[in-house]
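All ligand and atom numbering here is 1-based and tracks the order in the structure. Atom set for the values below is all heavy atoms of this structure, side chains included, hydrogens, waters and symmetry mates excluded.
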Amino acid sequence: MEAQHPERETTVREFRGIAVSPGIAIGPVHLVARGWPDSPEYTLPTESGESAIALEKERFLTALEASCTQLRQIRDRLASGKYNKQIIYILDAHLLILEDSQMRHGPLVHIQEEYCNAEWAVKRYLAGVLAVFQGMEDAYLREKQQDIRQVGKRLLNNLMGLKSDFYTGFPHPVILVAEEFTPSDMLLMDQDTVLGFVTELGGRTSHTAILAKSLGLPAIVGVLGITTLVQNGDVLVLDGLNGRLVVNPGTADVHIYNTRRTRFRSFRTEMFETTVEPSQTQDGHRVLLKANIELSEDAERAVRFGADGIGLYRTEHLYMNRFTIPSENELYEAFLRAGKRMNGLPVTIRTLDLGGEKQADVLRHPGALGSNPALGLHAIRLCLKRESVVFRSQLRAILRAGAECDIRILFPLVSGLGELSQSLEILSEVKDSLVRDGLPFDSAIKVGIMVEVPAAALCADQLAPRVDFFSIGTNDLIQFTLAVDRLDESVAYLYEPAHPAVLRLIDMTLRAARSHAIPVALCGEMASDPRFTALLIGMGLEELSVTTNCLPLIRKTIRGIDYGKSRDLARLVMERNLPESINHLLEEWLTETFGSDHLFR
Ligand code: PEP
Ligand code: MG
């Protein structure tokens, strides 16, 4: 049941946000509230004595039981899904909270001793628990408040007979609107009824945005105040191609957007159905086109879309939403699965990149969410600090999977020779340990580094002789070069891939690699944007690794480009000083070559 708003305003209004996942959705708003639902709070009439208390206790226990049953049912229903493990970890964490004996006991005490009605008793009990978590020094434990709030919301909704399934089971398709969604929220969204989502917070290369793109879910982030500007039942047009939102559109708008949606869909269908041809330019220059994946299962789609391999396997998801660190064997099996699914094509596995925006409870450390987490104990730094617990077992698993498939290692966030030498030394010790254990592994495994810290690009000539390849991570390279938080919507206008400083660092990296004869890939989101394809190829990139869903579009773009002309374009771009002027040139070039539909990306 949804709240009714008699005074509801139905005038057409427009808002702008950051388009992070293409597609057009038209449908009613479903607001995902952050706080508790409005619920009655009163003391039970003392004259009714024990019977009122018993009734209230009964109501609470029934709602508690219903909440557990719902979670178990969702868990079972989703168990066969693609993201089953992640979802199950989240749901298990929520179930654990509900099944805790204190959760059963605490509200009962408030009902018995303070005559609180059940809703109030639940809120009072949870307020106490949340205050304890809020006061914790450990940032990860503080973050647990989010889970407790979600569980509390479910319980209160059940007490009041309201819908309690936040992301699934909608009777009709909806567009979700919330302050923010975490990647784990997204995994719980019902793909059949959620048409798209809008959030107040977030940036273009946040993990939630990347995941939305990979799920093909239209999304706009960074629309400040949107949760108060729309209401349940408002009709929303979400244009994930250019970041426009229209609330309660008129008939003419609906017609325009329906047409646009049809064009986008047929553009996509045509793209996805085109038979896979080699990704080479019109004049025969071959560019390797690989996929970025998050889970071994994603490799299937990469094969279907004709990827030349996996250019970036982000391993963080293997550590998220769970209570223990994955064992070496669990990792080995996941890596092997990906390798086997790629049928002999190479799989580049990035060692753990946790920290910064990607957090996992199992690897918490004081200060993990400090004042500037992206600059803190993150990625390779965290691995080197926790080498015995995390790094060595990951390296052993990768090396072992390499005995059976073409696997490569990629170290993230390397900022200089010191970190690289330390990492290579540990790798060599890990190889020795596998020899001692008599386990087969790839002793000549190829090792590369992400170039995503400006320092690495500036020192690329020092790093190149020590590695087999570079992979440029523009998502972070842009953030660190321009001092723009990739998650902060208030500075998103400064997050500019076409900034000359970023392009110069890419160019420096390419030059250093060329003089040491090592290949360079680019695996940031820039590679998934067709506006940049010709420029990147013209600059000398030999490999692009893109969000799986973008493989057909980027292949089509590469196949429509003339390599000679793309080199001319790159020269022209490098002479320009302003991102606006570079973007203009690139869009003009793309429209001239492919027509405006190509900007659908
Ligand atoms: C990058 O920084 O460009 C990258 C590919 O890594 P991530 O987005 O996982 O930080
Ligand atoms: Mg990165």
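- Under 4.0 angstrom from ligand 1, the non-hydrogen atoms of D353 all belong to its side chain.
- Judged by distance alone, the side chains of N583 and R576 never bring a donor and an acceptor atom under 3.5 Å apart.
- At a threshold of 2.8 Å, the Mg ion (ligand 2) has no backbone or side-chain N, O or S atom of D353 nearer than that distance.
- In L312, the part holding a heavy atom less than 4.0 Å from any atom of ligand 1 is the side chain.
- With a 4.0 Å heavy-atom cut-off, ligand 1 is reached by the backbone of T474 but not by any atom from C-beta on.
- Side-chain polar atoms of Q479 and D476 form a donor-acceptor pair below 3.5 angstrom.
- With a 4.0 Å cut-off on non-hydrogen atoms, M526 does not touch ligand 1 at all.
- Within the structure, the closest approach of E316 to ligand 1 does not fall below 4.0 Å when heavy atoms are considered.
- Distances below 4.0 Å separate heavy atoms of R486 from the following atoms of ligand 1: 2 (O), 7 (P), 8 (O), 10 (O).
- Within D476, the N, O or S atom at minimum distance from the Mg ion (ligand 2) carries the name OD2.
- In this structure, the side chain of R350 does not engage the main chain of E316 through any donor-acceptor pair within 3.5 Å.
- In terms of the side-chain contact (heavy atoms from CB on, under 4.5 Å) criterion, residue partners of R559 (sequence neighbours excluded) are, by chain and number, E277, P278, Q280, R555.
- Counting all heavy atoms, side chain and backbone alike, D239 lies closest to I220 at O-CD1, 3.6 Å.
- Of the listed residues (E294, E525, E452, R314), the one carrying the non-hydrogen atom nearest atom 5 (C) of ligand 1 is R314.
- Atom CD1 of residue I537 and atom CZ of residue R567 lie 11.5 Å apart, to the nearest 0.5 angstrom.
- Partner of E328 under the side chain to side chain donor-acceptor pair (under 3.5 Å) criterion, chosen from R400, R392, Q394: R400.
- The nearest N/O/S atom of E452 to the Mg ion (ligand 2) is OE1.
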